[in-house]
Structure formats: structure tokens, C-alpha cells
Amino acid sequence: MKTVNSSHLPDFTTDFVSPKGKYAGHFTNLTIALGFNPHQPDASPQAPFDVAIHRIPPGKANFPFHSHSAQYEFYHITAGSGKLRHDDGEIEIKEGDAFMCEPGQAHQLINDGETDLVYLIVADNPKGESCHYPDSQKWLVRSPQKQLIRSESIDYFDGEE
């Protein structure tokens with residue numbers, strides 16, 4: 001059985017910042033570090049879910065407001081505080097909170113605190129997944145490659161900043 005320590009995984013860690021800086025984060029994908037890739041073809045070994053640790057710096061959001069067509073996402077806040085934006089508004093979130101976003105529920109995490117907002121996310125990554133971005137009226141389609149579209153292919157952050 002392979003084990004990993006999340007504090008020693010630089011090869012599985014990604015930092016990102018959107019072009020205008022509204023969205024930013026740091027994440028470590030534990031599932032891939034353990035040797036699984038949920039995006040591989042059916043014949044390859046796959047985990048039934050994807051697990052990652054995300055960190056959002058103060059004043060940033062994790063991603064544009066979006067919903068998934070088929071994916072469930074479980075979140076556990078492990079440090080910091082912020083807001084969870086959802087279809088009905090916003091709620092405060094803090095260390096120790098846990099919640100799940102079901103398919104069709106738009107969501108976004110916003111760090112309005114003074115320290116990093118850190119959370120564990122577990123997602124089931126179903127095949128044929130697509131996303132809708134209500135603020136910019138675009139869709140992410142994976143068929144077979146990932147593309148963001150309105151009536152033509154567009155950039156991921158188009159209309160968001």
C-alpha cells in the first residue's frame with residue numbers, strides 16, 4: 001500500500017493566479033500523488049474519487065461561480081475563514097465546517113479573511129461531466145477535451161474579471 005505525506009509533495013502541487021488576479025490558489029492533489037488519475041481511460045487504474053488540499057490566499061476566490069452537471073464535491077475547512085457563495089446567496093464558513101455541493105448547485109469559495117483559507121475537497125469526478133458558469137453564461141464541456149464555450153471556444157476567465 002502506497003502512502004504519502006501531504007507536506008512533502010511538490011510534484012503534485014499547483015499554484016495558479018487568473019490573468020487579472022481575482023482568482024488564486026494552491027492545491028495538492030493527493031489522489032494523483034498516490035498513483036491514481038481519475039481522468040485516465042477506463043482501462044487504467046482509477047480511484048473512485050479525487051482528493052486534494054486547496055489553499056486560497058486572502059482577498060481571492062478559488063474559481064469562478066459554477067455548477068457541475070454530475071459531480072458531487074465534499075468540502076472540509078481545515079484553517080481560516082471566508083464565504084461560500086451558492087445559489088441562494090452567501091454564508092460564512094470557518095475552520096471545522098463541512099458541506100457538500102451536489103450536481104446543479106452553483107458554488108464558489110471566497111477568502112475575505114486575513115489568513116489563508118484551507119480546505120480538503122473530495123470529488124467523485126464522473127465521466128461526461130460539464131460545468132455551467134452563471135455569471136458569464138458559459139459552459140465547460142469535456143468531449144473529449146476540456147473546452148469552455150458560448151457559441152465558440154473561449155478562455156476560462158473570459159467574463160469573470
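Below, all heavy atoms of this structure are taken into account, side chains as well, without hydrogens, waters or symmetry copies.
Of the inter-residue distances, the one linking Leu117 atom CG with Lys83 atom NZ reads 12.5 Å to the nearest 0.5 angstrom. Here the CD1 atom belonging to Ile53 is positioned 9.0 Å from the OG atom belonging to Ser7, to the nearest 0.5 angstrom. Ser136 contributes atom OG, which lies 9.5 Å from atom OH of Tyr156 (distance to the nearest 0.5 angstrom). Residue Leu30 holds its CG atom at 12.0 Å from CD1 of Ile121, rounded to the nearest 0.5 Å. Between the NE2 atom of His26 and the CG atom of Asp116 there is a distance of 9.0 Å, given to the nearest 0.5 Å. How far OG of Ser6 is from CG of Leu120: 9.5 Å, rounded to the nearest 0.5 Å.
Using bins of under 30°, 30° to 60° and over 60° for the plane-to-plane angle, the ring pair His66/His107 lands in the tilted bin. Taking the six-membered ring for Trp and thresholds of 30 and 60 degrees, Trp139 and His132 have ring planes inclined between 30 and 60 degrees apart. The aromatic rings of Phe157 and Tyr23 lie parallel to each other, their planes meeting at an angle below 30°, with 60° marking the opposite boundary.
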**OP:** Applying side chain to side chain donor-acceptor pair (under 3.5 Å), run through Ser69 and Glu129 and close with a yes or a no.
**Re:** CA-CA 6 Å; Ser69 64; Glu129 167 71 351; 3.2 Å; yes
**OP:** Output, in order, the C-alpha distance, side-chain angles, deciding distance and verdict of side chain to side chain contact (heavy atoms under 4.5 Å, CB included) for Phe49 and Phe74.
**Re:** CA-CA 11 Å; Phe49 48 81; Phe74 167 82; over 6 Å; no
**OP:** Show your working on side chain to side chain contact (heavy atoms under 4.5 Å, CB included) between Gln108 and Asn62 and close with a plain yes or no.
**Re:** CA-CA 7 Å; Gln108 176 185 52; Asn62 61 343; 3.7 Å; yes
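Contact between Ala98 and His76 at its shortest, heavy atoms only, is CB-CD2, 4.1 Å. Contact record, Asn111 with Ser81: OD1-O, 3.4 Å, taken as the closest heavy-atom pair. The two residues Phe99 and Ile93 make their nearest non-hydrogen contact at CE2-CG2, 4.0 Å. In this structure, Ala123 and Glu73 approach most closely via the heavy-atom pair CB-CG, 4.0 Å. Between Asp158 and Ile154, the shortest heavy-atom distance links the atoms OD2-CD1, 3.8 Å. Pairing each heavy atom of Gly113 with each of Pro58, the nearest pair is O-CB, 3.3 Å.
Side chain of Lys22 to backbone of Lys60: no donor-acceptor contact under 3.5 angstrom is found. Formation of a donor-acceptor pair under 3.5 Å by the Asn29 side chain with backbone atoms of Ala33 is not found in this model. In terms of modelled atom types and a separation under 3.5 Å, the side chain of Gln137 and the main chain of Pro134 share a donor-acceptor contact. Side-chain atoms of His86 come within 3.5 Å of backbone atoms of Asp88 as a donor-acceptor pair (strictly under, hydrogens ignored).
Linking Ile, Leu, Val, Met, Phe, Trp and Tyr whenever their side-chain heavy atoms come within less than 4.5 Å puts Phe12 and Val122 in one cluster. Taking hydrophobic clusters as Ile, Leu, Val, Met, Phe, Trp and Tyr residues chained together by side-chain heavy-atom distances below 4.5 Å, Leu34 shares a cluster with Leu9. Tyr72 and Leu109 fall into different hydrophobic clusters, where Ile, Leu, Val, Met, Phe, Trp and Tyr residues are linked whenever their side-chain heavy atoms come under 4.5 Å apart, directly or through other members. Transitive grouping of hydrophobic side chains (ILVMFWY, heavy atoms separated by less than 4.5 Å) keeps Phe65 and Phe63 in distinct clusters.
For the salt bridge (charged side-chain N to carboxylate O under 4.0 Å, His left out) test, residues two or more places apart in sequence or in another chain that qualify with Asp97 are Lys94. With sequence neighbours left out, the salt bridge (charged side-chain N to carboxylate O under 4.0 Å, His left out) criterion links Glu161 to no other residue.
Summarising the local packing, CD of Glu114 is surrounded by 12 or fewer heavy atoms from other residues, nucleotides or ligands at distances under 6.0 Å.
Checked for salt-bridge contact, Asp135 and Arg85 meet the test: a charged N lies under 4.0 Å from a carboxylate O.
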